[in-house]
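All remarks here apply to the structure that follows.
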Amino acid sequence: MAKVLMKGNEALGEGAVRAGCRYFFGYPITPQSELPHYLAKRMPQVGGVYLQSESETAAANMVYGAAGAGARVMTSSSGPGITLMQEGLSYLAGAELPCVVVNMIRGGPGLGNIAPAQSDYLQAVKGGGHGDYRLIVLAPASVQEIIDLMQDAFDLADKYRNPVMLLADGILGQMMEPVELSEEVLVQAPEKAWAATGRKKGGPRRLINSLYIVPEECEKHNIELAQKYAVIAKEEQRWEEYQLDNAKLVIVAFGTCARICKAVVDRARQEGLAVGLIRPISVWPFPNDVFARVRETAEQFLSVEMNMGQMVEDVRLAVEGRKPVHFYGRVGGMIPVARDVLAEVKKLYNGGAV
Amino acid sequence: MKKIFTRPESLNDIPFHYCPGCTHGIAHRLVAEVIDEMDIYERALGIAPVGCSVFIFNYLNIDMYQAAHGRAPAVGTGVKRVLPDRLVFTYQGDGDAAAIGTGELVHAAARGEKITVIFINNAIYAMTGGQMAPTTLLGQKTTTTPYGRDKDVNGLPVKVCEMLAPLDGTAYLARVSLHNPKHIAMAKKAIRKAFDVQMRGDGFTLVEILSACPTNWGLSPLEALKWLEENMISYYPLGEYKTPAEEVQL
Ligand SMILES: Cc1ncc(C[n+]2csc(CCOP(=O)(O)OP(=O)(O)O)c2C)c(N)n1
Ligand code: SF4
């Protein structure tokens, strides 16, 4: 195992290659561009294809074609580009095609800016495109985790025949950290009997399709999708818990925010405050199981986000109204500062008194 | 008794849903016959559009993909990059290829993507109720041009073959028509040539097929074919707009 220093965006690319991804279709946007730069170099070295599409709309639909043909395939973008990919994502989910999509979130809405944010949370976990569908959404918090989750992302995509999104913010893409790289995975995607690669003599015809014109059939399809999502929601919750023992106040944060909040927890504990952290790693499915446990003992929750309060809605659902849930956020590329979050924690801890 | 006419192997034995006199069915049949003649059904992959012909995926007896409105050339790009030795074709109406999907069409052509677009030009959006298409003729009445298409209000019709011909990525472009048996035979030849050029790896290929939509044109099947011949061909001249330097051997 070699330790190397890598930038988050490059780690996304290397992680994908090691997970057996051989096709990348994408369109440039900051702050994720080092990923396509990296793959433009790397894909030809492993016999893969890197193709710059004419738009994000096209990229998502190229992914649809490649995934339908049975390949491990990926695309990446940021806010405005992900919005353009929503059409393709709905079709990918509808046709049950596995693929990985990276959203390295920037400030929004509209053109916003290129600074880090977490303001695409709702778009990622509640849909974004049309119809009744879900993406599996994973939120790494370190460069190492980017590499590790990339393997998981492709495996989950294939296991459930569903698009998986890696949701991160611009800081994670730009940050350099030492990572451990495992042996390169040389295997291609697992055998996919459903892929449309050409009808064998006497064999069944394969359709990559999301059209069900008869309402009964469309309902059946939606119910089957919902059943799949229910299995994912039960089986695939991932989270990290930190200092939850006897924690009276539990901070909830994902990605970069969670790193800052870990420092907040440490300082709070030094000052004798029983504060802990839940870091959702899968933001869909949301890790409700840990909340079901902690909501019995904790007295209050604080969701810390780089948006105006998006995940806090899921925290409230997970806590089921049994304990107060508060929110602290910074937006537009502003990053919460540990000192300010600590002040918020103290205020809440002391019943709102400063 | 000698059998001289039969259902192509690549066409499933199920009734078409098309209106009487619709030429989508003829175009499907030609594609199926060419796949049979090339003996290539194991390697043929088709991409269905939205619009009246979306159910082509039920009719052709090959592996098929259904694509979002206009995105078939992008889907085809993804398929072909993964499976470069396959015959990959899209089947798209004028709303699909010349309106919402212009970007995907032009860029697949510009890249020289080795796919074939079967482009059905019936001068109208049929499935959604006969609205104006980019290919609707000047003066033509549709549900969204009730007074006839006016260039100052609605713009001018798009000529797809002429638009794509200057692109270096295009290897074969032809416009054919289905208004009589002679032209149907010529249309089949063009499809065969496009598929052969694709399999040879020369670049992007497209066959534009002038087609009738009696229902939305408000004409009988026979009147529709006559209207096509008399009105469409003069604006959309038939012929080959691009051929490879080296002729393909048929
Ligand atoms: C994004 C999107 N917008 C609109 C539609 C509705 N729609 C379905 S078919 C169609 C027109 C198709 O016209 P054309 O491609 O010319 O095919 P035809 O029906 O004439 O065969 C439209 C607009 C859609 N399916 N998707
Ligand atoms: S509406 Fe027009 S294009 Fe559609 S099936 Fe009928 S005749 Fe054909």
Side-chain angles (χ1 to χ4, degrees), chain A residues 22-25 27 43 48-73 75 84 86-92 94-95 97 99 129-130 188-189 192 194-213, chain B residues 9-10 12 14 17 35 39-51 54-88 90 100-111 113 115 127:
Chain A
R22 290 295 178 271
Y23 298 89
F24 179 91
F25 304 95
Y27 189 85
M43 279 302 187
V49 173
Y50 168 89
L51 180 63
Q52 184 167 317
S53 61
E54 63 270 31
S55 68
E56 289 87 350
T57 313
N61 284 281
M62 289 172 183
V63 167
Y64 180 96
R72 279 203 157 166
V73 54
T75 186
L84 289 180
Q86 294 300 335
E87 172 195 84
L89 284 173
S90 170
Y91 277 78
L92 280 154
L97 293 177
C99 66
H130 59 285
Q188 279 286 347
K192 295 171 184 176
W194 50 264
T197 56
R199 180 168 75 85
K200 299 286 162 303
K201 245 195 172 62
R205 232 158 49 85
R206 285 156 310 180
L207 290 183
I208 302 301
N209 180 37
S210 66
L211 171 68
Y212 296 86
I213 201 89
Chain B
E9 287 272 334
S10 302
N12 282 319
I14 47 171
H17 68 285
I35 292 171
D39 193 19
I40 203 171
Y41 80 84
E42 285 189 292
R43 286 200 286 150
L45 297 168
I47 302 169
V50 310
V54 59
F55 291 112
I56 190 173
F57 66 65
N58 283 330
Y59 302 138
L60 293 185
N61 190 17
I62 58 171
D63 279 5
M64 295 284 296
Y65 294 71
Q66 167 261 315
H69 196 17
R71 314 294 176 228
V75 173
T77 298
V79 175
K80 188 79 182 193
R81 295 299 178 118
V82 175
L83 302 167
D85 67 338
R86 304 301 201 278
L87 174 83
V88 177
T90 72
I100 191 168
T102 325
E104 286 77 9
L105 177 73
V106 169
H107 285 279
R111 281 195 303 272
E113 210 63 59
I115 61 173
M127 182 186 250

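Numbered from 1 within each chain, the chains take letters A, B, ... in sequence-line order. Just so you know, these numbers use all the heavy atoms, side chains as well, and skip hydrogens, waters and symmetry mates. Fair warning: this is a prediction, and the values are worked out from it, not measured in the lab.
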Looking only at B/Leu45, B/Asn12, B/Thr77, the option with the highest number of non-hydrogen pairs under 4.5 Å against chain A is B/Leu45

Greatest number of non-hydrogen atom pairs under 4.5 angstrom with chain A, of B/Ile40, B/Leu60, B/Asp63, falls to B/Asp63

- Message: Do A/Met62 and A/Glu54 have side chains that approach each other closer than 4.5 Å (heavy atoms only, starting at C-beta)?
- Response: yes

- Query: Side-chain contact, heavy-atom cut-off 4.5 Å: B/Arg81 with B/Glu113?
  - Reply: yes

Applying a strict 4.5 Å limit to non-hydrogen atoms, the region of B/Ala72 in contact with chain A is neither

Can you check whether A/Leu84 reaches A/Tyr27 side chain to side chain, under 4.5 Å on heavy atoms? no

I'd like to check A/Arg206 versus A/Lys200 (side-chain heavy atoms, cut-off strictly below 4.5 Å). Are they in contact? yes

Cut-off 4.5 Å, heavy atoms of chain A, and the answer for B/Val54 is side chain

Residues at least two apart in sequence or cross-chain that pass side-chain hydrogen bond (donor to acceptor under 3.5 Å, both in side chains) with B/Gln66, listed by chain then number, are A/Ser210

Comparing A/Val73, A/Leu211, A/Thr197 against chain B, the one with the most heavy-atom pairs below 4.5 Å turns out to be A/Thr197

Counting heavy-atom pairs under 4.5 angstrom with chain A, the leader among B/Val106, B/Val88, B/Asn58 is B/Asn58

If you tally heavy-atom pairs under 4.5 Å between each of A/Leu51, A/Val63, A/Val49 and chain B, the highest tally belongs to A/Leu51

ask   = Taking the six-membered ring for Trp, is the centroid-to-centroid distance between A/Tyr91 and B/His69 below 6.0 Å?
value = no

One option among B/Leu87, B/Ile47, B/Leu83, B/Asn61 has the most heavy-atom pairs under 4.5 Å with chain A, and it is B/Asn61

Scored by heavy-atom pairs under 4.5 Å with chain B, the best of A/Ala58, A/Ala67, A/Ser90 is A/Ala58

When the 4.5 angstrom heavy-atom criterion is applied to A/Ala195 and chain B, the contacting part is backbone

### Message
Quick one, B/His17 and B/Phe55 - any side-chain contact, counting heavy atoms below 4.5 Å?
### Response
yes

